[in-house]
Every structure is written in structure tokens, then in C-alpha cells.
Amino acid sequence: MARITLRQLLDHAAEHTYGVPAFNINNMEQGLAILEAARSTDSPVIIQVSRGARAYAGDIMLARIIEALEAMFPAIPICVHQDHGNNVATCLSAIQHGFTSVMMDGSLKEDAKTPANYDYNVAITTEVTRLAHMVGASVEGELGCLGSLETGEGEAEDGHGFEGRLDRSMLLTDPDEATRFVAATGVDALAVAIGTSHGAYKFSRKPTGEVLAMDVIERIHAKLPNTHIVMHGSSSVPESWQAVFNAHGGEMRETYGVPVDEIIRGIRHGVRKINIDTDLRLAAAAEFRRTADTSRAEFDPRKFLKPAMDAMNAVCRERFEAFGSAGQASKIRVIPMSEMARLYAHRR
Ligand code: G3H
Ligand code: 13P
Ligand code: ZN
């Protein structure tokens with residue numbers, strides 16, 4: 001059994017200068033595709049569960065799926081992470097279900113729509129960190145709001161994100177404020193706002209530094225060299241998968257994601273966790289469309305799901321290789337959460 005905390009995994013990634021993709025999971029097929037790709041590349045992995053996923057599949061089902069994945073892939077260190085926790089209860093109930101890590105996203109208020117102020121963010125993130133560390137679980141905080149520097153808008157496509165428009169100052173994490181935030185809260189990892197947003201529609205053209213502010217990551221890393229940086233909204237939305245999707249009746253308008261090369265640049269400057277959901281959704285949906293279009297008499301769901309799993313597996317393998325986590329799984333000796341709790345208690 002190899003359930004690892006985010007803290008231990010990202011410490012290892014920092015020591016060996018690689019990044020770990022954090023893939024969102026809602027069901028068995030995504031779990032199998034991600035873990036099979038991790039096994040075939042000897043990569044540790046973060047599987048993250050949104051509140052939407054918990055509502056969709058249910059906590060008991062998700063917990064059992066994750067236990068099954070752990071039993072099927074015993075050599076792979078798996079970090080089980082709550083994505084965008086909106087309050088203390090969401091984070092604690094995730095830990096209750098076996099999660100080894102939680103994100104307390106205090107950049108937004110509990111409704112996951114209203115931007116919160118700095119003091120609110122510090123207070124709630126500190127509280128979650130205090131409680132999670134008592135049982136050895138890790139905490140990711142977020143400073144700055146995810147949203148487009150092109151339009152000033154958030155991405156509410158998945159129900160998580162601010163409404164209306166924000167100015168540049170709220171859409172970019174301030175490096176000095178980040179330094180104070182990390183010291184005040186004690187978080188293990190920090191999600192930053194650099195112009196990325198969730199979903200498929202991130203940029204209207206191939207992003208330049210004006211709209212994808214990788215320089216902000218460099219400035220934060222210079223001030224906080226020991227803090228693990230998290231990039232949200234980091235799907236690359238590959239043109240090849242857009243083409244398959246659109247060739248079989250899909251209607252995705254022209255769009256650009258975060259180029260893999262920019263993520264690799266981030267990894268050289270402290271990025272250790274890279275959140276990817278849309279790329280697996282797109283690859284799977286493109287294959288569903290292809291099957292529906294080319295095998296019109298087909299009605300066995302497995303004939304739709306198997307190619308979708310293969311497509312998701314291929315995307316995961318590419319990211320494990322590109323981010324340098326491939327080949328690292330067998331080098332990690334997992335520290336149990338109880339031992340992590342002892343280490344945190346020692347530090348206090
Ligand atoms: O947080 C963003 C992820 O893409 C999760 O989306 O809430 O629709 O599961 P979801
Ligand atoms: P994408 O929508 O770019 O895949 O981002 C997912 C994410 O950040 C989940 O927290
Ligand atoms: Zn996110």
C-alpha cells in the first residue's frame with residue numbers, strides 16, 4: 001500500500017527537480033487510465049477529487065475506487081488530494097475518507113464564487129493547516145484568483161470560479177504577499193494565479209508572457225525557494241484532440257491551453273504540482289464522439305469507454321515523461337501519515 005502525502009511527494013520532487021501532474025478523478029475509468037500510465041512510466045501520481053466529483057460519485061464509492069487502485073498498483077505512490085476545498089468541513093471530511101492532502105482554497109469565499117480578502121484567506125487556511133497537520137495530512141493554499149488576463153473573467157464552466165471581472169492585481173499573485181501568506185499559514189504548497197483558468201477556453205491565441213505570467217512564478221520562487229508551487233488550470237488542450245473532437249460532430253471553438261514547454265519552465269522555478277482535468281475530459285470525449293460517429297450501431301458502453309481510457313492513458317504518459325516524474329516512483333519510500341503527524345508536531 002503506497003498512499004503518500006503531498007508534502008512528502010513534493011519534497012522528493014523538489015529534491016530531484018521534477019513536477020507531478022495532479023489528475024482529477026470522478027470514476028473507475030479515469031482511475032485505471034491514470035494509474036496504468038503511472039505504472040508503465042514508474043511515476044508517482046496525485047489523484048485529486050473536486051467537490052463536484054464527490055457529489056457525482058459519492059464519498060464511499062470514490063474511497064473504494066481509490067482503495068482498489070492502491071491494491072492493483074501497489075508500487076505506485078498515490079497522493080489522494082481534495083481539489084478546491086471551500087471550507088473546513090470539506091477538507092476534514094476528505095481526510096476522514098482517506099485523503100492524504102487537501103486544498104483549502106481561501107481565495108474565494110465558501111460559495112466558491114466571491115473573491116475573499118487576504119485576512120479571510122489567511123484565517124481559514126491557517127485553521128485547516130492546523131487541523132490537517134495534526135493527523136499528518138498536507139495542505140495546499142491559494143493566493144490570487146484564477147482567471148484570464150485577456151478578459152479579466154474567471155472560468156465558471158465547472159462551477160468553481162468568480163463571477164464578473166477582476167483587475168490584473170487580483171489575477172496575479174503578489175510575491176511579497178505570498179511570502180507573508182506562507183509564513184502565516186504554514187501551508188505545504190501554494191497555488192498561484194498567473195493567468196490560467198479552468199476548462200478548455202483559456203487563451204484565444206498561443207499565450208505569450210502578457211497573458212500567461214510565468215515571470216510571476218519566477219519571482220515567487222526567488223522569494224520562496226523552499227515553497228512548492230502549484231499551477232492550476234494547466235491543461236494544454238492539445239490541438240490534436242480538439243481536431244478529433246470537432247471531426248466527429250463536436251463544436252469546440254478555437255482555443256489554446258498552457259503549453260507543456262511553459263510548464264517545464266515552471267518546474268525549473270519551483271512548480272511541483274500541475275493540475276490537469278480538461279485534457280483527460282477532452283481526450284475521452286473525443287473518443288466517445290469518434291466511436292458514436294464511426295460505429296453507429298454500437299451500444300455497448302465498454303466499446304466507448306475502452307478507447308477513452310486508452311486516450312486518457314496516452315495523455316497521462318506524455319505528462320509524466322515531460323514533467324520528469326517518470327522513473328521516480330521506485331525511488332520513493334513512503335512515510336505513513338502518522339509519522340508525518342509526528343514530524344509536524346515536532347516542528348511546532
Ligand atoms: O476544479 C476544477 C476541476 O476541473 C474540477 O471540475 O468541479 O467539474 O469536477 P469539477
Ligand atoms: P484544467 O481545467 O486546465 O484541466 O485545470 C484543472 C484544475 O486546475 C483543477 O484544480
Ligand atoms: Zn484548480
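Just so you know, ligand 1 is whichever comes first in the structure, and atom 1 is the first atom listed for that ligand. If you're wondering where the values come from, they're calculated on a predicted model, not measured in any experiment.
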Inset, instruction - Please identify which atoms of ligand 1 are closer than 4.0 Å to at least one heavy atom of D277. - result: 3 (C), 4 (O), 5 (C), 6 (O)
Inset, instruction - Go through ligand 1 atom by atom and flag the ones less than 4.0 Å from a non-hydrogen atom of H84. - result: 1 (O)
Inset, instruction - Compute the centroid of each ring, for Y18 and then for H12, and state whether the two points are separated by less than 6.0 Å. - result: yes
Legend entry - Opening angle between NE2 in H198 and ND1 in H232, taken at the Zn ion (ligand 3), to 10 degrees: 140°
Inset, instruction - Dump the intermediate steps for salt bridge (charged side-chain N to carboxylate O under 4.0 Å, His left out) on D277 and R281, then the final yes or no. - result: CA-CA 6 Å; D277 186 358; R281 293 180 180 196; 2.9 Å; yes
A side-chain contact here means heavy atoms from C-beta on lying under 4.5 Å apart; do [X] and [Y] qualify?
X	Y	value
T125	Y120	no
N275	M231	no
N24	S50	yes
P259	P207	yes
V258	F203	yes
L108	C145	yes

Legend entry - Aromatic plane relationship, H133 with Y344 - under 30° parallel, 30 to 60° tilted, over 60° perpendicular: parallel
What atoms in ligand 2 come closer than 4.0 Å to a heavy atom of [X]?
X	result
H84	10 (O)
N24	9 (C)
D277	1 (P), 4 (O), 6 (C)
K202	1 (P), 2 (O), 3 (O)
G199	2 (O)
H232	8 (O), 10 (O)

Legend entry - Any N/O pair S50/ligand 1 closer than 3.5 Å: yes
Legend entry - R281 touching ligand 1 at heavy-atom level, < 4.0 angstrom: yes
Taking non-hydrogen atoms only, is [X] closer than 4.0 angstrom to ligand 2 via side chain, backbone, both or neither?
X	result
V258	neither
I276	backbone
S50	neither

Inset, instruction - Tell me, yes or no, whether the heavy-atom count around E239 atom CD, taken from other residues, nucleotides or ligands under 6.0 Å, exceeds 12. - result: no
Legend entry - CZ (R302) with more than 12 external heavy atoms under 6.0 Å: no
Legend entry - Side chains of T126 and T129, donor plus acceptor under 3.5 Å: no
Inset, instruction - May I ask you to identify, for D83, whether its side chain, its backbone, both or neither come under 4.0 Å of ligand 1 on a heavy-atom basis? - result: side chain
Legend entry - Region of N24 that comes within reach of ligand 1 [heavy atoms, distance under 4.0 Å]: side chain
Inset, instruction - Report yes or no: does R281 have a heavy atom closer than 4.0 Å to ligand 2? - result: no
Legend entry - Option set A191, G233, S236, criterion heavy-atom distance to atom 5 (O) of ligand 2, minimum: G233
Inset, instruction - Using distance alone, decide if ligand 2 has a nitrogen or oxygen within less than 3.5 Å of any nitrogen or oxygen in D83. - result: yes
